[in-house]
Amino acid sequence: MTSYDPDRHGPVRLVGPGFHARVHALLRLVPAGSVTTYGDLAGALGSRTIARQVGFALAALPPDSRVPWHRVVDGSGRLTGAGSARAREQAARLRAEGIGVAGGRVVGFAARRHVFPAADPRPRGAGR
DNA sequence: CGGCTGACGACCT
DNA sequence: GAGGTCGCCAGCC
């Protein structure tokens with residue numbers, strides 16, 4: 001009880017088989033010079049509560065994937081895993097696209113934040 | 001077929 | 001501002 005039974009109530013679940021590929025596809029829509037966040041990707045997929053799941057999805061990306069994973073930063077505009085080789089490469093790639101990175105954080109993050117087309121009209125209090 | 005891996009966000013104190 | 005807790009896993013070895 002108290003547990004939602006998708007087998008009875010329906011696909012209430014936003015995540016599911018293929019969720020991973022969905023994240024990758026969505027991320028590929030982000031143009032160079034722009035950045036997005038795990039939360040924004042999650043929100044575009046239905047709910048921000050799955051932000052962590054989005055992170056897991058990116059973690060599973062193959063090294064040769066053409067998904068611009070480096071354009072994904074956290075909600076504060078900071079690169080995750082600061083200090084790690086991954087974060088350093090991310091910073092290098094962002095700079096290569098003209099995006100400044102200082103202190104492990106994207107310079108002018110808010111202005112470079114990409115906006116995904118709203119797939120579902122959701123009552124949002126005038127943007128954060 | 002079982003077990004491990006792995007990149008956040010919101011809220012509370 | 002900082003620290004801790006809880007919250008929809010799927011994919012690969």
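Minimum atom distance to the side chain of A/Arg48 is reached by B/dA10, of the listed B/dA10, C/dG11, B/dG6. Comparing C/dG11, B/dG6, B/dG9 by their nearest atom to the side chain of A/Ala59 picks out B/dG6.
For the pair A/Gln90 CD and B/dG6 P, the computed distance is 17 Å after rounding to whole Å. Atom C1' of nucleotide C/dG7 and atom CG of A/Leu45 are separated by 17 Å, given to the nearest angstrom. Going from atom CG of A/Asp40 over to atom C1' of B/dA10 covers 14 Å, rounded to whole Å. One can place CZ of A/Arg22 at 13 Å from C1' of C/dC9, the figure rounded to the nearest angstrom. The separation between A/Trp69 atom CH2 and B/dG6 atom P is 15 Å, rounded to whole Å. Between the P atom of B/dT5 and the CD atom of A/Gln53 lies a distance of 16 Å, rounded to the nearest Å. Between the CZ atom of A/Phe56 and the P atom of B/dT5 there is a distance of 12 Å, rounded to whole Å. Taking atom CZ of A/Arg78 as the reference point, atom C1' of C/dA2 lies 11 Å away to the nearest angstrom.
Remark: the separation of the C1' atoms in C/dG7 and B/dG6 is 16 Å, to the nearest Å.
Checked options A/Val15, A/Val23, A/Asp40; the residue passing with A/Leu45 is A/Val23 (criterion: side-chain contact (heavy atoms from CB on, under 4.5 Å)).
Listed pair A/Arg52 / B/dG6 fails the phosphate criterion, with no side-chain N or O lying under 4.0 Å from OP1 or OP2.
Heavy-atom contacts from other residues, nucleotides or ligands closer than 6.0 Å to CZ of A/Arg22 number more than 12.
To the nearest 0.5 angstrom, A/Leu58 atom CG is 12.0 Å from A/His70 atom NE2. Rounding to the nearest 0.5 Å places CZ of A/Arg105 at 11.0 Å from CG of A/Leu79.
Among the atoms of the strands shown, none is found under 4.0 Å from any heavy atom of A/Gly81.
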